[in-house]
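I have placed the structure first, in the form of structure tokens, so that the comments after it can refer back to it.
Residues take their numbers from the sequence shown, with the count starting at 1. Order of listing sets the numbers, starting from 1, for every ligand and every atom in it. Every value quoted in this text rests on a predicted model; they were computed, and no experiment measured them.
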Amino acid sequence: DMETMRPAAVCVLLLLSTVLGSFPQAQHVTWKSTNFKTVLSWEPKPSADYSYTVEFSVVGRDRQRNHHCVRSSATVCDLSSSLTDLNANYTADILSEPPLGVTSDLIEFPYTTSPRFCPYKDTDIGRPDFKLEVSEDKKKTTLYVTDPLTALFKDGRQLSIRDVFSEQLHYRVTYRRNKSTGKKSADFKTNIIEMSGLDRGESYCFNVQAFIPSRSFKKQLGELSHTQCSEVEDPSISDVYSVGVIAVAIFLILLLIAIIIAVTVICCRCRRNARTTGKEGLPLRDV
Ligand SMILES: *[C@@H]1O[C@H](CO)[C@@H](O)[C@H](O)[C@H]1NC(C)=O
Ligand SMILES: *[C@@H]1O[C@H](CO)[C@@H](O)[C@H](O)[C@H]1NC(C)=O
């Protein structure tokens with residue numbers, strides 16, 4: 001009778017709504033983060049029948065949403081400005097929901113939880129830039145490192161990785177002679193790095209990368225900078241060059257002396273000519 005059939009009907013209805021209303025679960029949820037630009041991504045691209053909503057939270061605390069990542073058909077979500085506690089462990093759930101504006105009777109949507117992510121410990125550090133300077137006497141080689149900028153802002157100012165990591169941030173310099181492949185490295189706490197122990201007059205090639213020793217081993221080193229080599233003039237060329245300069249200088253001095261002599265001689269001749277052409281009437285002073 002009707003009374004016994006009701007639970008079965010409810011069951012069938014529930015099953016139907018689950019089958020029809022259920023959306024594919026997000027897969028391969030990963031964090032990609034460099035210099036605190038943090039983007040969550042997943043698969044697959046949704047059909048027109050459903051969308052994704054991201055809910056993130058510090059582990060064990062209330063869930064939050066970023067309005068860019070609600071009922072969206074995108075499979076990425078930029079959470080850079082949302083993960084405000086840099087030291088916290090975050091997780092995010094990717095919910096598969098009906099498209100924007102479509103309601104559903106379902107209370108629970110399928111979801112996938114991301115791995116844990118801690119911005120301070122896990123964000124990758126991008127390649128730094130640096131300027132290479134060799135002193136005039138070729139004795140001192142100095143590297144001026146520019147801290148990479150982060151995606152973080154404070155009081156309208158864009159923060160650098162130095163602003164975030166302060167004294168935790170070191171730089172590792174890897175260097176080798178231009179002609180050799182044998183590499184050495186040294187770590188420094190400052191952005192102005194004076195290299196010591198280099199052979200004078202040799203060309204060296206340098207790479208710089210951020211180094212954060214307080215991090216887990218896998219995350220300590222940042223991306224390598226471009227390579228820059230110090231330039232050394234070929235000594236034989238510089239010798240030739242300076243000999244040329246000296247030769248020109250001597251030539252100019254000789255020319256100058258020659259001109260002075262020529263002018264003096266001409267002047268004397270002029271005066272003598274003046275004296276011999278009837279100006280003898282001028283009174284000569286008695287001495
Ligand atoms: C984050 O998680 C790690 C291990 O998973 C733990 O050691 C650490 O204390 C956690 N950090 C915070 C701020 O809860
Ligand atoms: C050093 O390296 C630079 C750039 O790689 C190159 O242009 C230069 O010729 C090299 N100099 C020597 C002395 O090997």
Side-chain angles (χ1 to χ4, degrees), residues 23-44 52-72 74-97 108-128 145-172 185 187-191 208-225:
F23 312 116
Q25 231 175 304
Q27 288 171 10
H28 308 300
V29 182
T30 51
W31 296 97
K32 290 195 185 73
S33 180
T34 303
N35 295 340
F36 296 95
K37 166 120 181 129
T38 303
V39 177
L40 194 62
S41 66
W42 60 91
E43 290 167 8
Y52 292 114
T53 294
V54 175
E55 292 185 340
F56 62 94
S57 65
V58 174
V59 172
R61 297 231 216 102
D62 289 346
R63 290 149 175 276
Q64 292 174 277
R65 290 176 169 198
N66 174 315
H67 71 275
H68 293 296
C69 315
V70 175
R71 302 271 177 120
S72 158
T75 55
V76 291
C77 178
D78 188 337
L79 291 172
S80 309
S81 55
S82 302
L83 310 181
T84 47
D85 184 354
L86 299 184
N87 266 305
N89 294 319
Y90 285 93
T91 60
D93 290 341
I94 321 295
L95 286 72
S96 302
E97 294 187 325
E108 285 246 2
F109 297 106
Y111 66 90
T112 305
T113 303
S114 75
R116 280 191 186 199
F117 177 79
C118 170
Y120 193 85
K121 289 175 189 156
D122 294 332
T123 196
D124 295 326
I125 307 297
R127 69 162 69 107
V145 183
T146 310
D147 297 316
L149 290 172
T150 70
L152 305 172
F153 287 81
K154 192 178 181 186
D155 306 325
R157 192 175 71 88
Q158 192 169 10
L159 301 180
S160 73
I161 59 166
R162 175 69 73 187
D163 294 323
V164 178
F165 292 103
S166 57
E167 76 279 3
Q168 303 270 304
L169 172 65
H170 299 213
Y171 282 106
R172 174 163 293 177
S185 69
D187 299 332
F188 301 89
K189 291 184 174 178
T190 56
N191 289 44
V208 182
Q209 65 198 130
F211 173 51
I212 305 171
S214 58
R215 282 181 156 195
S216 70
F217 184 73
K218 244 175 54 192
K219 289 284 182 180
Q220 282 178 345
L221 287 170
E223 191 186 356
L224 265 185
S225 72

Nearest non-hydrogen protein atom, atom 4 (C) of ligand 1: Arg116 NH1, 4.6 Å
Asn89 N/O under 3.5 Å from ligand 1 N/O: yes
Output field: ring centroids Trp31/Tyr90 closer than 6.0 Å: no
Shortest protein heavy-atom distance from atom 7 (O) of ligand 1, along with the residue and atom involved: Lys121 NZ, 4.9 Å
Derivation of the ring pair (Phe, Tyr, Trp, His ring centres under 6.0 Å) call for Tyr120 and Phe36: CA-CA 8 Å; Tyr120 193 85; Phe36 296 95; 7.1 Å; no
SB check Asp163 Arg157 (cutoff 4.0 Å): yes
Nearest-neighbour protein heavy atom for atom 13 (C) of ligand 1, which is reported as residue plus atom name and distance: Asn87 O, 3.4 Å
Mode of Val59 contact toward ligand 1 - side chain, backbone, both, neither (heavy atoms, under 4.0 Å): neither
Pair Asp93, Thr113: side-chain N/O donor-acceptor within cut-off below 3.5 Å: yes
Atom 9 (O) of ligand 1: any protein heavy atom closer than 4.0 Å: no
Straight-line distance of Ile161 CD1 to Leu169 CG, nearest 0.5 Å: 4.5 Å
